[in-house]
Structures are given as C-alpha cells and as structure tokens.
*Asks:* 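I have a structure I would like to understand better, so I am pasting it below and will then ask my questions one at a time.
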Amino acid sequence: MLIMAGGFGLCGVPEQLILAIRDSGVKNLTVVSNNCGIDGVGLGLLLDTKQIKKMVSSYVGENKTFAQQYLAGELEIEFNPQGTLAERIRAGGAGIPAFFTRTGAGTQIAEGKEQRQIDGGLYVMERGLVADLSIVHAWMGDTEGNLVYRKTARNFNPMMATAGKVTVAEIEHLVQPGDINPDHIITPGVYVKRLVHVPNAVKHIEQRTVRKRTAAPAGTGEEV
Amino acid sequence: MLIMAGGFGLCGVPEQLILAIRDSGVKNLTVVSNNCGIDGVGLGLLLDTKQIKKMVSSYVGENKTFAQQYLAGELEIEFNPQGTLAERIRAGGAGIPAFFTRTGAGTQIAEGKEQRQIDGGLYVMERGLVADLSIVHAWMGDTEGNLVYRKTARNFNPMMATAGKVTVAEIEHLVQPGDINPDHIITPGVYVKRLVHVPNAVKHIEQRTVRKRTAAPAGTGEEV
Amino acid sequence: MAWTRDQMAERAAQELRDGFYVNLGIGIPTLVSNYIPAGMSVQLQSENGMLGFGPFPYEGEEDPDLINAGKQTVTEILTTSYFSSADSFAMIRGGHIDLSILGAMQVAENGDLANWMIPGKMVKGMGGAMDLVAGVKKVVVVMEHSAKNEPKLLKHCTLPLTGAGVVDMVITDLGVFAIDKKGGGGMTLIELAPGATLDEVRNKTEASYRTSNAL
Amino acid sequence: MAWTRDQMAERAAQELRDGFYVNLGIGIPTLVSNYIPAGMSVQLQSENGMLGFGPFPYEGEEDPDLINAGKQTVTEILTTSYFSSADSFAMIRGGHIDLSILGAMQVAENGDLANWMIPGKMVKGMGGAMDLVAGVKKVVVVMEHSAKNEPKLLKHCTLPLTGAGVVDMVITDLGVFAIDKKGGGGMTLIELAPGATLDEVRNKTEASYRTSNAL
C-alpha cells in the first residue's frame, strides 16, 4: 500500500492520522513523505513498529531508527530531489503521468530514466505519483472538505490531497460551508473524502531558534 | 513578440494593459489567451488595429473581426485544448519544458507531436510556454507585487503571471505590504515586475443570465 | 413523441449520484441542473475555475467576476471554491470529477466523440471539451438522434475527434445507449423513449449496437 | 589569516543586488542574511513554501507552523507570502529566484557540484539542493578551500553530483573563483582573501584555473 503523508520536518504533519495508521497495524507500507519524522515523533512512530517497508523522501537525516533499519536492510529508501518529489505528487493529482525537469539531469538521480535535450538543455523524465491513501494536516476545514493551511504548515499537504485515491484530512478547526472565503480555499472539497477534527493538535519544533529581546540583530544569524 | 493575456471570456481581462499595447502600436504579436475578446472589447481591440499575427487559444467563437481576418489569411490560429493551454502556461512558469497528457490523444491535436503509451493509456507530449510579456488582471495587489484575484476572474491570470519574462499586473485595489494575509496571496511578488493601479476598472458581461425575483427555480435553467 | 430537450436532460439527471462532482456542457446539458433530485448533494464544476455554483443571479445582482464556463453570470453557494484554470483542469484531467454531460455532433460505436469542428467551416475551438472527455470518470453525451435525417451515431466518426474512445453513454431523443469504451464491448441500446420504436432507432442509427434484453 | 566563516558570508553578500530574491542554504550561507546592506531590499525564499522571511523569533514567540527550510523557527515580515512546496519549486525550477548560496563538498572546474552524498556512508538525502542548483539564475558556493588537506576544487568531482555544470562562483576562505559554466570558459581566480597568496591557492587547488589580471 502506498501512503502519502504531508508535512515538512515536523511542521504540518498529520500526527493523529499517523497514530491511527500505527494503531491499525497495517504493514509493508511504502510511504511518500518529504522526511520521516524524528525518533518517536511523526512517521518515526511507524518506524518503531516496523510498518514501513520503503520511504520515498528527499531528506531523512534526523532519525536514528531510520539509519539503523536502513543499515540492517529492513528499510528501503528512494531519494527524490525535493522539488521533483513535490512535482511528481502534483502531477499525479493532475493526471500527468510524466514530465521533464532539469533537476538531477546528468546526475545519479537520472540513471535508469529517460534523459533528453530540449531547447539546448538536458532534462530528465520523471513520473507522476498517485497514492492509495493520502493523509494531510490542515488548519481549518468545512464539512464540505474545503481546506486552508496555516503558514509553512502548508508545504506538501495540498498536492498530496490531490494525489490520493482516498484523502483523509485532519483539521485543527472545523467550520461550516460558507465560513471560509471561497477565494481563500486552497484544497477544494472534491479532493477530501474524510475529515478528522483534531482541536488540540500537539505541534513539535525541530530546531528552536530564537533571538533575545535585548539583542535584535538585523538578520537571522543568532542561534540559541 | 509573444504576449500572454489573462482572462476567460471578458472576465478578469487586463483591459487597460491591452489598451496600452494598442497605443504602443507594436505589431506582429503572437498572443496566448484563452479567448480573443469580442468585437471592440478586450483583445478584439488589437484585432481592429491588426496588431495580432497569431492567436494561441482554446475558443475564439465570439468575434466577427476574428473570423474575417482569419478567412482573409491575415490571422493565424493555433487551437489548444483549454486544459492543455492552462497546463502549458503553468509548465512554462515552473521550468517544465514538456509533459504528457491524455487530452487530445488519438485526435488531430496530437498530429506532429510525440504520443506514447504510459501504463496502458495513450498520452500526448505537450510543451511548456513562456512569454516575452504577460499581462494579467488582479483584484488587489501590494507594492511588493503580491496579488489576489476575485472569484472566477482568477482563471488564467496566476499561471500567466509566472510564465512571463516580464509580467505586468493591473490591479483594482492597491494596498501596502502586510495588508494582504500572506496565507491568501495567490501570486507572490517575485513574479510581478510592474503594477498598474486601475481603480475604476470597467467590466463587461458576455452572457447576462438572470432569474426573476418572483420565480426562483432550483437550477440554472432560466435564461433571460 | 420521443423525448423533448427537457426530458433528455431529466433522463441524464438519473445518472447523478449523491456526492457527485459534475461538469455540465452548454445547451441541453445545462438543463440537467434543473432536475437534480431534492435532497441529493451534487456540486457543479465550471472549468474556468469554480467548484459549486448556484442558479443565475437575480436581476441587478450580476457580477462580471462570477461566470461559468458558458460565460453566463451565475451565483456563489455555501460550498463554492475558486481556483485557477490550471488547477481546474488538474481536477478534471486527474479524474476527480465524477460525471461530464455534454453535447456532440457524432458519436461512434467505440466511444469516439466529435463535437468541435467541421472541416471547411469556421472553427471556434474546442474549449475544455477535449480535457473533459479525456479526464472525467464518466462521460455522458446528450444529443438529437439525427441531424437533418443524417445519423449521428456512427460506425466511425467522419468529423475530427474530440476524444478517442471516451463516451460511456449517449442519451438521444429516441433512447439511451451504453458504450463499453474500455472493455471494447461496443454499444448497447438500453432504453427507448416513450413512443420511440426499435425499428425507428434501427433506421436512424448507422452504428452497430446490441439491444438490451429488457427491451 | 584568510577569511573566517563570517567574512566568507560577508563576501557572498556582495553578490546581492537590490530587489533580489535569494535562497540561502544551511551553514555559512545562512549567515549571509546578516550582511544584507542597509537600504537594500532582498527577499529570502525558503523552499518549503515561503517568500520573504525575517529573523528568528523572540524567545517565547516561536511558531511551530512557521519554519524555514532548515526547520528553524523564523518570523513573518510585511512582504511574506506562503505557498505549497510544489509552487515553491515551480518558482525555483522556473528560474524566478535570482541567487542561491549554498555549501559544497566538491566543485569541479566546469561547474559540477557535489554536496549530497558520500558513497559508503549513510546518506541523508539531497533535500532541495538539486532543484536549487538546476533552477536558480546564479549559484554561488561558499565552502572551506580544502577539507583535511584534501582539495575540494577539483578537475572532476569524485563524489556523486548534485548538479552538472551548475556553479557560477565559489567563495572559499582563500578567495573567490568565477566559473563560466555556460560558455565553457572554465574557472578563474578573481579575488584573494587578505593574507592568502597565489601560491597557497595554487597548492591547495586541484582544478585548473586562470588568475585574473587584477591579482
């Protein structure tokens, strides 16, 4: 079974739906997600229970369990450049089975894939991705399934919502149709088959970087 | 010169920017736009002045001048299916030189294009489109170039904004950075090189369909 | 005798299911929205970039920024969302719309559809029709059975195609045909309009088709 | 002697221009934001889906929904817009970002870049680096000139590539190199860090390069 799970790092991750997948006990999952959580959080939970057979991700560096299972040969990984991954998901939802991108042309990523010169540049053909199940996290949703996201918690969620044969959304705020301005809706209800209201979502921060009130540097340089 | 002009029918058309192109006198234009206005309105103005050499459109049925110039051999037309046109523009802006679509496979539209079987279906390869100049119409914009659109006046405008080497936006409401909720911005400012404030935009209706207050049918059937 | 335009639309409405997302073409298909059964939730998609729209506005409330794919003024409803035309056709091409009902000039027994151009005549363009028939889960054609005594249900379309092997059902003034476009099982007459006879349909149809046992 | 990390970042900041949209990688490139000249408008892009972000939040004001591509908490500014990761990489791949500044393990004289994997070691993944170097208008690498006395500026990269022929400029602790990646004109040393000598650079560089007349 192929599952897409939204989120970037620990931001905008459908945590409660990951817990539900853990509790279901389903095994041999291929999971498409930009990252794989951290130990004990997010998709890391499904590593602990060895429910994941293969990850399709762009970066999995924050997870020791991942490294252990990978080195033990228990876990497969297919690395996709982040933009290629995002576009493959968008393409899958949009009925586009393949597209060309400059990303990865002439690198190991292009091995086994068609490469061709177009207008003087070298491009790789990449394939659209469709999931059996997509799980996404949204800020607000109405009972029609219309969704909006908050700040950078949007990330991969909108494309994944379009690319699941079945899409389940967890939402922090449940409202009625008409409560969201229709110009602001990011995911139209047609894409969402099930809604789970998670009113008190626990959110994690992977890199807590702050500045002190007394010192206010102009840039983003000071790390604490 | 290749110009993309936003709008669907007479809705969300950058009228003032079309007037500016008319007044510039530039000739031999290839114009990518879903339609070609109507006689004397929208892109119809550039037909009157014979500034357009070729249209790339999905439907041009509402324009007598168009038919006359086409039949006289003064005007070329390349028909694209509407969704293929929209996606070609989106692809151009997104650095995707080519993609596959089922639309038009096995029809005249696929002639001269690569067709291939992918996962048991027949697909046509279509190319991304980039414009020398894109002109778009938005509802509101800030001085950073961030844009939002109103209702179905959005249509082709957001993709065209991304696909122009230079994009000029006319906006009905000019505001300051921070005045638009950053979760609601549809076109980030990076895509917009010039803004023209058009505070009293004249808007046209192509098919004025209404119902009487006394009779309120459930559907959309009654035409006046 | 046979079905009127409204009756054809009413018959097409029987293909609606609760929760369906539907795209209606111009002409008879537009009338289908008048026959959505009470209590059934059906969201209409408009390919310019709108999901969920309502009836025409009251006089004086027309909004130039709010039109359907036929360029007609329409209204917003509680479920409405707006998006770009690229996102709209991603929705269509990606198979997220359940039903497309549209008109046709010709339909062939294998599901081929022609409805956008007549060689030698001024061509207006295909608009979104090619994308709709290629992408929507189920494609229902509503059309007159014949035009000027020429059959429109053919062995092969003679006009340039809008889509190859795309039609699932044809509703004409004389009856209803199912087409097994994927399985290659051909065309079957499954209903007769009141007053229409099997002989009349046979005489006005060039396509080969089976007749359902029920008839 | 030579440039410190901060001085390398300061030198990289000289590549900024008013109105630029810039993507900064993790490490030294992040420091570049401290050296944006006063009065210059530069918008920072974060590839997870944000254009225009500000400094780290004040203690207690961290927002888990507001992070940059390094997963660090950041802040919103007046120009900020949010979008999906697909839209973010459309922006990157489509050539709309002016400048990408990132680190590297190896750079070759033809502009090849390796910074994502060492065969035999646990691979974390390339994240957005392959898309950035393939899509952004100008790619500047900031890195130490050598690692454990092994040169990092090579004739050919020995590590798997992140991008082929993608680097425009390399800033190391010893100096600045320009690479004519499109024209095939090779690599040129255009600046020396204070205290660095032409000899030192020569000894620590495997790649062949010309030296600018100005030096």
Side-chain angles (χ1 to χ4, degrees), chain A residues 12 81 83-84 86-105 113-130 138-140 146-155 157-159 162 172-173 180-188, chain B residues 12 81-84 86-105 113-130 138-140 147-155 157-159 162 172-173 180-188:
Chain A
T84 294
E87 188 66 15
R88 291 183 69 192
I89 298 163
R90 192 260 173 200
I96 295 188
F99 61 90
F100 287 90
T101 173
R102 200 179 291 119
T103 301
K113 296 173 187 165
E114 177 176 334
Q115 288 194 81
R116 69 162 84 175
Q117 291 281 341
I118 302 179
D119 297 340
L122 185 65
Y123 292 86
V124 195
M125 192 177 92
E126 296 280 359
R127 299 293 308 275
L129 275 176
V130 172
W139 170 247
M140 189 180 286
N146 293 308
L147 305 181
V148 293
Y149 306 89
R150 183 170 176 273
K151 304 187 188 287
T152 56
R154 191 184 304 188
N155 56 63
N157 288 297
M159 300 85 82
T162 70
E172 298 180 44
H173 300 277
I180 307 174
N181 180 330
D183 278 330
H184 299 164
I185 291 167
I186 301 297
T187 296
Chain B
Q82 192 175 340
T84 294
E87 189 65 16
R88 291 184 69 192
I89 298 163
R90 191 262 173 197
I96 295 189
F99 61 90
F100 286 90
T101 174
R102 199 180 292 120
T103 301
K113 295 173 188 164
E114 179 178 332
Q115 288 193 85
R116 71 162 83 175
Q117 291 281 341
I118 303 179
D119 296 340
L122 185 65
Y123 293 85
V124 194
M125 192 177 91
E126 295 281 0
R127 298 294 308 275
L129 274 176
V130 173
W139 169 246
M140 189 179 287
L147 305 180
V148 293
Y149 305 89
R150 183 170 177 272
K151 303 187 190 286
T152 56
R154 190 182 305 188
N155 54 64
N157 287 298
M159 300 85 80
T162 70
E172 298 180 43
H173 301 276
I180 307 175
N181 180 330
D183 279 329
H184 300 165
I185 290 167
I186 301 296
T187 297

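Computed from a predicted model, the values in this text were never measured in an experiment. Values reported hereafter were calculated over all heavy atoms of this structure, with side chains retained and with hydrogens, waters and symmetry mates removed.
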*Asks:* Side chain, backbone, both or neither: which part of A/I118 has a non-hydrogen atom closer than 4.5 Å to chain B?
*Replies:*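 Contact with chain B involves the side chain of A/I118 alone.
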*Asks:* Please check this pair: side chain of A/R102 against backbone of B/I96, looking for a donor-acceptor N/O pair closer than 3.5 Å.
*Replies:*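 Checked: no pair found.
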*Asks:* Could you give the distance from CG (B/D183) to OG1 (A/T152), rounded to the nearest 0.5 Å?
*Replies:*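 Rounded to the nearest 0.5 Å, the CG-OG1 separation comes to 9.5 Å.
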*Asks:* Most heavy-atom pairs under 4.5 angstrom with chain A, which of B/D119, B/N181, B/T101?
*Replies:*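 Top count of heavy-atom pairs under 4.5 Å with chain A: B/D119.
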*Asks:* Which region of A/E87, side chain (C-beta onward) or backbone (N, CA, C, O), has a non-hydrogen atom less than 4.5 Å from a non-hydrogen atom of chain B, or is it both or neither?
*Replies:*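 When you check distances to chain B, only side chain atoms of A/E87 fall under 4.5 Å.
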*Asks:* Anything under 30° is parallel, anything over 60° is perpendicular, the rest tilted; go ahead and classify A/F100 against B/F100.
*Replies:*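 Plane angle between 30° and 60°, so tilted.
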*Asks:* Checking heavy atoms, do the side chain of A/R150, its backbone, both or neither come under 4.5 Å from chain B?
*Replies:*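 Its backbone and side chain both get close to chain B.
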*Asks:* Are the side chains of B/M125 and A/M125 in touch, meaning some heavy atoms are under 4.5 Å apart?
*Replies:*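 Not in contact.
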*Asks:* Specify which of A/G83, A/G121, A/P97 makes the most heavy-atom pairs with chain B at under 4.5 Å.
*Replies:*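 Among A/G83, A/G121, A/P97, the one with the most close pairs to chain B is A/P97.
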*Asks:* What's the spacing between A/H184 NE2 and B/I185 CD1 if we round to 0.5 Å?
*Replies:*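 So the gap between those two atoms works out to 10.5 Å.
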